[in-house]
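See structure below.
Numbering of ligands and ligand atoms starts at 1, following listing order.
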Amino acid sequence: MNLNFMKKLLFANWKMNPITESEAVKLARASDVKNAVLIPPFPFLKAVKSVLKNASLGAQDVFYEEKGAFTGEISPQMLKKLGVKYVVVGHSERRRLGETDEVIAKKVKAGISAGLKVILCVGEPLSVYKKGKKATEEFIKKQLKFIKDKKNLIIAYEPIWAVGTGKNANPEDAARVARFIKNIVSVPVLYGGSTNSKNTEIFLKKKEIAGLLIGGASIDAREFQKMIKIAERF
Ligand code: PGA
């Protein structure tokens with residue numbers, strides 16, 4: 001069965017932050033609510049897990065093999081053993097480093113087979129966005145072409161031009177793209193890209209948007225707490 005969220009969820013993608021384990025633990029304690037998924041860097045997964053009472057744990061990437069000669073990689077089983085429930089795959093910051101749709105497809109498959117809930121990130125660059133709705137939809141359709149297994153899959157719509165720029169997408173546009181995605185793969189769709197306490201409500205009000213994938217605002221404990229308060233109403 002495909003995933004179906006009971007509540008709107010906030011996914012806190014800490015990226016390569018904070019710098020120390022003690023800061024990570026402090027941030028985790030401040031963000032530990034039921035409708036949050038905390039996604040720290042790999043070295044902090046264990047420490048963060050050990051203090052969580054309510055929030056779930058996520059990881060920022062995963063490799064597609066179980067074990068072996070893959071220097072620097074981390075397997076789905078390794079994550080599972082650490083208590084990880086969710087994993088982000090194909091984030092635009094990884095695609096920018098050269099990750100291809102083929103590699104991403106393998107990661108999605110491996111993550112789902114291992115029983116992880118996979119958050120697959122898709123979204124168009126500015127050049128495509130400027131060409132209009134049709135171009136954006138075509139671009140996203142291509143990114144979703146390889147999807148076969150929908151069980152335990154979540155899609156995060158993150159227009160690349162909105163990630164970390166302070167320029168969020170128009171919520172109407174985000175809802176339209178979320179609808180478009182849901183017509184292709186009927187799974188929960190998140191929005192991500194410059195979300196904060198000021199725009200949380202307007203995005204979460206959209207019925208097509210199941211939650212938010214939050215970068216910058218999620219490592220600011222006060223800001224994230226404000227977002228949590230808003231999300232709790234949905
Ligand atoms: P942002 O990042 O909220 O800082 O724009 C979102 C993301 O990268 O998931």
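A ring-ring contact (aromatic ring centres under 6.0 Å, His included) check over residues 53-97, counting only residues at least two apart or in different chains, returns the pairs F11-Y86, F63-F70. Identified under the side chain to side chain donor-acceptor pair (under 3.5 Å) test for residues 113-124, with sequence neighbours left out: E124-Y157, E124-W161. Listed by first and then second residue, the ring-ring contact (aromatic ring centres under 6.0 Å, His included) pairs involving residues 163-204 are Y191-F203 (not counting sequence neighbours).
Pairing each heavy atom of E23 with each of T20, the nearest pair is OE1-OG1, 2.8 Å.
Checking side-chain atoms of N152 against main-chain N and O of I112 turns up no donor-acceptor pair under 3.5 Å.
Closer than 4.0 angstrom to ligand 1 sit non-hydrogen atoms from N13, K15, H91, E158, A162, V163, G164, G193, S194, L213, I214, G215, G216.
In this structure, I19 places its CD1 atom where only 12 or fewer heavy-atom neighbours from other residues, nucleotides or ligands lie under 6.0 Å away.
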